[in-house]
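Order of the sequence lines fixes the chain letters, A, B, ..., with proteins taken first and strands second; residue numbering starts at 1 for each chain. The shown structure was predicted, so the numbers you read here are calculated from the model rather than taken from an experiment.
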There are 2 protein chains.
Amino acid sequence: MRTAFTELVGVEHPLAGFNRTPAVVAEVSRAGALGVLGATMYSPEELDEQLTWIEEQLGGRPYGVDLMVPASTTQQDLNTLVTDLRSQIPDDHRRFVDGLLEKYDIPPVSENDALDRLGRIDASLETNMDTAIVSELLDVAFSHRIALVANALGTPPPAMLERAKAQGVPVAALVGKREHAEKQLAAGVDLIVAQGTEAGGHTGNVATMVLTPEVVEIAGDVPVLAAGGIASGPQLAAALALGAAGGWAGSVWLSSHEDAASQVIKEKLLEATSSDTVVSTTRTGKSARQLRSAWTDEWQAPGAPSPLPMPLQSMLVREAWERIDVTAEKGSGPARELESFFVGQVVGSFRGLRSTAEIVQDIVEVCEARLAELGRLVEPVQR
Amino acid sequence: MRTAFTELVGVEHPLAGFNRTPAVVAEVSRAGALGVLGATMYSPEELDEQLTWIEEQLGGRPYGVDLMVPASTTQQDLNTLVTDLRSQIPDDHRRFVDGLLEKYDIPPVSENDALDRLGRIDASLETNMDTAIVSELLDVAFSHRIALVANALGTPPPAMLERAKAQGVPVAALVGKREHAEKQLAAGVDLIVAQGTEAGGHTGNVATMVLTPEVVEIAGDVPVLAAGGIASGPQLAAALALGAAGGWAGSVWLSSHEDAASQVIKEKLLEATSSDTVVSTTRTGKSARQLRSAWTDEWQAPGAPSPLPMPLQSMLVREAWERIDVTAEKGSGPARELESFFVGQVVGSFRGLRSTAEIVQDIVEVCEARLAELGRLVEPVQR
């Protein structure tokens, strides 16, 4: 299947696979789609290591990277910034989180228990507000042979766009509303990912079925990928039917062997139906779809405080989540009740863990068969 | 395009058009799709008149009817039932609605101002709880040559299913979750309408992109229509890509000349974007997607009461809405602010009013062209 997207990044299949686990990204690209590393939690040194490792697996195949680059950064000293942000977290909020940990019997984490960084969700926006660090992350990304750079958070700053243009690397931007797409197109991005409300993680209110064609309509020659609800061949075929140049899949890789999510999280995801997700601001301060759990329920109970804005909320809950993850992994029932992860409504389609390669192959083969069937629906000779 | 749906009901195009305006229903069917009359607000006599009128327009073409038949009805005297229900509406709620009408300067309606019934939303569930009336409505429907009967509210009662089966009329049911589809299939319905959260009116949380394939997966030989987000050719093509046997479109007809909505409502819909709808229980007591307006905002303001369950909420607000509709039609600005209507996220795609026939033709032609393009994506000779 050749589309404007496959031409833009040089892949075989019109599918991008977004994940924070380097092994998933490598396998997606090896299977002929475009693996995109969600790299929002890495230091520049770590990013360099991961991209180097990915390239070693790929034998020249293309892959991409997704960074969290805010439109504006601060030159303020990072320690001062973090101290200042911390002081803005109300005591009531701290007490609420402490109370939750006590109620669910979640002990502090010892040094030995510290999780592999990949096992965690860590939207450390405060680090990414530092001009020097953001600049280093971009240095690292552009020192590798990336085929796409995406910005996880709003319009990419001009410096990022200029640099990408100079190096011939296409820039992608995620949007949840037509108005956002207009801004991104005006800024000069090369690929729009139109993300519907059914997607996992940070998401808006408009569904993929509605958002995709309205973004396609204004995008002109700029290719659009549909995100949200893309986890199978029929859904990729639907994305193409809506006028997208392909699909951007995120959640489906959580059902892969390679994904770094813990066994407990994977078990909970396999048990979930499509009705078991919820949009909540309790993890990062911005609306994000995730598995509904005792955590999201507790924040909605009477008397619970309103979640704080980004980045304060993630600073408030980060340690709590490390404790929950570690305790759940050790087999604690109450910690398992709290356990959750960013995931879209496609979670209801997970039937078991498969290899990343098998997932890509299944999506592509079923999509191709479906497209052939659709073509036959309008061939008069077949009647 | 021949699908299991076109075969089931004997139409040319895999598209059903749901509307409460008989003229829209007739035009949809005349254009080769299946018009389905939303008949939840008619008395048996009115229903008989409307169906007779529709058939006169159709020259034998098929059409359908959508009734609101509760799983159980009451033999209690209707007046006693209504009096009993009225007594359950708290005074606080009445005062809130009265206060709203006063704040927005909405006078009572005089006899002369009474709106055409078609111009109103009237989910008069309390009438439909009466065994005798429901039985009469079914008598009327089955005395006409309907090609489909749908139930707007949950699983059709066994009496309705048996009667339809005896007369060879296929029964359709709307579902918003896979679990609901399981129940409907077990009850023996002939067609499932899988309605995603982006749809107007009563709706669930799961998006069409996710819901359709999961309902198709369990439906076996029973055809599935995708509803929610279906207002254009690419969206109908996407429905088919997802495995549906066609699309069920509701909102798009609000942008037709024939639809009975007032000029004010149509103007507001033409101005709206896909982000301007909201799911609210303030109209019927059940979650329903509608245009966001001062009405839905006021019910979310601090101090507003929680909406009542169905049918109490619609009994509480029905007269208020008649007053708002009449006053808005007379040109009142504040009434226009309150004005709203059930509509899906596709409202953002309305560019102007068109004839119903033109809308059907456009959807079908663009869909067919898109399907042909999709087929070519996987034809090796085209490379």
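Residue A/Glu214 touches chain B through its side chain alone, counting heavy-atom pairs closer than 4.5 Å. Using a 4.5 Å cut-off between heavy atoms, B/Thr277 makes no contact with chain A at all.
Among the candidates A/Ser274, A/Ser232, A/Cys367, A/Ala369, the residue making the largest number of heavy-atom pairs closer than 4.5 Å to chain B is A/Ser274. When B/Lys177, B/Glu179, B/Gln235 are compared by the number of non-hydrogen pairs under 4.5 Å with chain A, B/Gln235 comes out ahead. Heavy-atom pairs under 4.5 Å with chain B peak, among A/Gly344, A/Ser349, A/Ser275, at A/Ser275. When each of B/Thr208, B/Ile230, B/Leu240, B/Val216 is checked for heavy-atom pairs under 4.5 Å with chain A, B/Leu240 comes out on top.
With contacts defined as side-chain heavy-atom distances shorter than 4.5 Å, the pair A/Ser251/A/Val346 qualifies.
Remark: A/Arg376 does not engage A/Glu373 in a salt bridge, criterion side-chain N to carboxylate O under 4.0 Å.
Ring planes of B/Trp248 and B/Phe18: parallel class, angle under 30° (limits at 30 and 60°).
Under the 3.5 Å distance criterion, with hydrogens and angles disregarded, no donor-acceptor pair is assigned to the side chains of B/Ser255 and B/Arg351.
Summarising the geometry, atom CZ belonging to B/Arg178 is positioned 13.0 Å from atom CD1 belonging to B/Ile192; distances are rounded to the nearest 0.5 Å.
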